[in-house]
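What follows is a set of notes on a single structure, which appears directly below.
All values below were derived from every heavy atom in this structure, side-chain atoms included, with hydrogens, water molecules and symmetry-related copies excluded. One is the number of the first residue; the rest follow in order along the sequence.
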Amino acid sequence: MKRLRRNPDESDPETTPDPDGEVSFSKDQHERKCGLSSMKMMGFFVVALMVVSVVFSVSVVLQDPPSDGVLESGKNVRFLDVMESSKEEQVLEVQPQKVVGPVDDDALSIEVRKDKLHGGLLAAGFDETSCVSRYQSVLYRKESQHKPSPYLISRLRNYEALHKRCGPYTESYNKTLEKLKTGHHLESTDCNYLVWISFSGLGNRILTLASAFLYALLTNRVLLVDPGTDMVDLFCEPFPEVSWFLPLDFPLKNQFDSFDQKSPHCYGRMLKNNSFANSSKSILAPFVYLHLVHDYDDQDKLFFCDEDQTSLQEVPWLIMKTDNYFVPSLFLIPTFEQQLSNLFPRKEAVFHLLGRYIFHPTNPVWGLITRYYQAYLAKADERIGIQIRVFDTGTGPFQHVLDQIIACTLKENLLPDISTEKPIINQSQKSKAVLVTSLSGGYFERLRDMYWEHPTVTGEVIGFYQPSHEEYQQTEKQFHNRKAWAEMYLLSLTDVLITSSWSTFGYVAQSLGGLKPWILYKPENWTAPDPPCGRVMSMEPCFHAPPFYDCKAKRGIDTGAVVPHVRHCEDMSWGLKLVDNESEL
């Protein structure tokens, strides 16, 4: 390598270029020694800088080494070293990549660590190993388009503090429990309670529990959950530190099964007998039973009136039994109107947000979900869910139901048609995984065979999968409900969803997933309806048995025409559901 020499245009009698291009110095011996000394010092300085740089780089890498091949939230993280302005910086580059399964939490990227709380919806600080799904679910879901409002986040944190202060076996809980044991209304306490009775099928229980929690949030009550036969097995604790499950030694627990409209403490019956209206605060009953089951009468439905809500505020213990998603009617109570508007600027996201806050599958159920997802759904370009619920009597599969499903998927271009005459030469590289859930295995088999025996006109590869077919609903069996909960959750992870009319199973899936499904209209006279399906107005569940009563005018009214954001359901003409009124947003 040539050494640096001066510009030859400059006149310098002390230097002359030699034939090899080297620079010859004609200075005296003293100047040559000084020059060599300066070069040595510069060399040592450069070497020292290089050593410091290497040591610094090694120390940074060893401090927090990245995990090779770890994927988090669809992102592959790699590190690049960049030198700029004599500084060594570490730059984080994020590249999109498909997630095919869970990963080690120790390698979570900064972005996922922030996102796993769902925009502040979830609280931090839980033992992550006790409920893996709480923070790992973000790896399997697309980012939600519905963010929690700041007011909702604030109210949830306040509720968690209330639950910690008033939950089971706390001083406040024990004090308020004396009201039940003694049967007397003691001086007011700082904690009031809502006890939810485990009742009906799993889909109904999930919807009603979300309804009860929202009511507790609106009325500043502590929600306690009857564990029933399997609630502990299915759902993680949603609140930090203090359990939401009702203690087994709760005094009224043995009476839960017998509570009905004839019970002396039933709110509707008390109104009929004028025993509630005539009670003074000093002799008010220590608890009131709220019968909000589908067979409730006009007196029971007065629960949804403003005046009655004011009266119930004084009762320390409310015991609720329901099989209805009654949230839409809460939006018609003037007392709650402003709160609900602040909590949920987008009305169709109520269950979507509350469901993702409350319902986290336990580790055994999460294992069912993730193993199935990785084995059959993860690698597909598109995931389609078909939820089939048949209310006709007899042994399926029924041809008219199968015809309806096929007509819906083809009419709405959700699945490609098949070619029965000529082979498809140009095979598409796109694959679709279709998840079928049904008590019967017959629909899955017919659809699978149809797309196996014939190519699609687009050349797409269509795979059909069904986790289970239990033949009939087995509400009281533990593993049956584990699989049912896993299948609801798997449906919520799809990109496109088809559901059945009247089915709470489908309601849960669509709302958890933030999906507006195509709903299969209910067949009549064993005939597939035309059109076979339609897109829903919102992802909110339907309230199947709402009241039709004007509390002020004290007369019947169409409650689906009172406010723009409460409308009648697509699958049940008398039902109510929440929708977004664009003019209000």
Side-chain angles (χ1 to χ4, degrees), residues 72-73 99 101-103 105 108 112-144 146 148 152-153 156-157 159-160 163-164 167 196 198 202-203 205-214 216-217 223-228 230-246 349-373 478 481-493 505 507-514 541:
E72 282 296 323
S73 188
V99 172
V103 296
D105 186 62
L108 285 172
V112 173
R113 285 191 180 277
K114 182 172 63 174
D115 190 51
K116 70 178 183 178
L117 300 181
H118 298 276
L121 186 69
L122 303 183
F126 283 91
D127 174 14
E128 300 190 18
T129 60
S130 65
C131 182
V132 178
S133 67
R134 188 190 320 276
Y135 299 132
Q136 203 181 81
S137 62
V138 68
L139 304 179
Y140 294 84
R141 293 194 181 281
K142 292 181 177 179
E143 183 178 359
S144 175
H146 304 276
L152 174 60
I153 294 172
L156 292 176
R157 299 296 87 82
Y159 176 82
E160 290 161 4
H163 197 93
K164 180 179 178 180
W196 173 88
S198 182
L202 182 58
R205 282 185 280 161
I206 292 174
L207 296 179
T208 62
L209 186 48
S211 304
F213 176 67
L214 179 57
L217 203 63
L223 175 67
L224 297 179
V225 174
D226 168 25
D230 59 5
M231 295 296 290
V232 177
D233 183 65
L234 299 175
F235 302 102
C236 298
E237 296 276 358
F239 313 129
E241 299 187 51
V242 178
S243 176
W244 73 335
F245 287 115
L246 190 71
V350 174
F351 184 87
H352 175 69
L353 294 170
L354 293 182
R356 289 194 175 190
Y357 174 72
I358 295 176
F359 302 116
H360 306 287
T362 55
N363 289 350
V365 179
W366 188 241
L368 294 176
I369 295 167
T370 55
R371 288 191 295 271
Y372 200 90
Y373 184 90
Q478 184 183 68
N481 283 331
R482 276 191 186 182
K483 289 189 284 187
W485 177 212
E487 291 183 15
M488 288 184 214
Y489 207 96
L490 283 166
L491 285 172
S492 79
L493 300 179
F505 196 106
Y507 294 160
V508 172
Q510 71 193 41
S511 298
L512 276 181

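- Looking at every heavy atom in both residues, Pro227 comes nearest to Val232 through CB-CG2, 3.8 Å.
- The shortest side-chain heavy-atom distance between Leu246 and Val225 does not fall under the 4.5 Å cut-off.
- Closest approach of Gly120 and Arg157 over heavy atoms only: O-NH1, 2.8 Å.
- No side-chain heavy atom of Phe245 sits less than 4.5 Å from a side-chain heavy atom of Leu224.
- Across all their heavy atoms, Pro541 and Leu207 have their closest contact at CG-CD2, 3.7 Å.
- At least one side-chain heavy atom of Glu128 sits under 4.5 Å from a side-chain heavy atom of Lys116.
- Evaluation of the side-chain contact (heavy atoms from CB on, under 4.5 Å) rule for Ser130 yields Asp127 as partners, not counting sequence neighbours.
- Considering only residues two or more places apart in sequence or on other chains, Lys164 meets the side-chain contact (heavy atoms from CB on, under 4.5 Å) condition with Glu241, Val242.
- By the 4.5 Å heavy-atom criterion applied to side chains, Tyr135 and Leu117 are counted as neighbours.
- Shown here are the side chain to side chain donor-acceptor pair (under 3.5 Å) partners of Ser492, two or more places apart in sequence or in another chain: Arg141.
- Among residues two or more places apart in sequence or in another chain, the ring-ring contact (aromatic ring centres under 6.0 Å, His included) test is passed with Tyr372 by Tyr376.
- Looking at residues two or more places apart in sequence or on another chain, you find a ring-ring contact (aromatic ring centres under 6.0 Å, His included) between Phe235 and Phe359, Trp485.
- Summarising the geometry of Pro148 relative to Leu152, their closest heavy-atom pair is CB-CD2, 4.0 Å, with the distance given to 0.1 Å.
- The side-chain hydrogen bond (donor to acceptor under 3.5 Å, both in side chains) contacts involving residues 354-364 comprise Glu160-Tyr357, where partners must be two or more places apart or lie in separate chains.
- Listed by chain and number, the residues in a side-chain contact (heavy atoms from CB on, under 4.5 Å) with Ile369 are Pro361, Val365, Trp366, Ala486, Tyr489, Leu490, Leu493 (sequence neighbours excluded).
- The shortest side-chain heavy-atom distance between Leu122 and Arg134 falls under the 4.5 Å cut-off.
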**OP:** Given salt bridge (charged side-chain N to carboxylate O under 4.0 Å, His left out), test Glu487 with Arg482 step by step and report yes or no.
**Re:** CA-CA 9 Å; Glu487 291 183 15; Arg482 276 191 186 182; over 6 Å; no

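- Residues satisfying the side chain to side chain donor-acceptor pair (under 3.5 Å) criterion with Ser144, sequence neighbours excluded, are His352.
- In terms of the ring-ring contact (aromatic ring centres under 6.0 Å, His included) criterion, Trp196 has no residue partners (sequence neighbours excluded).
- Taking the six-membered ring for Trp and thresholds of 30 and 60 degrees, Phe239 and His163 have ring planes inclined between 30 and 60 degrees apart.
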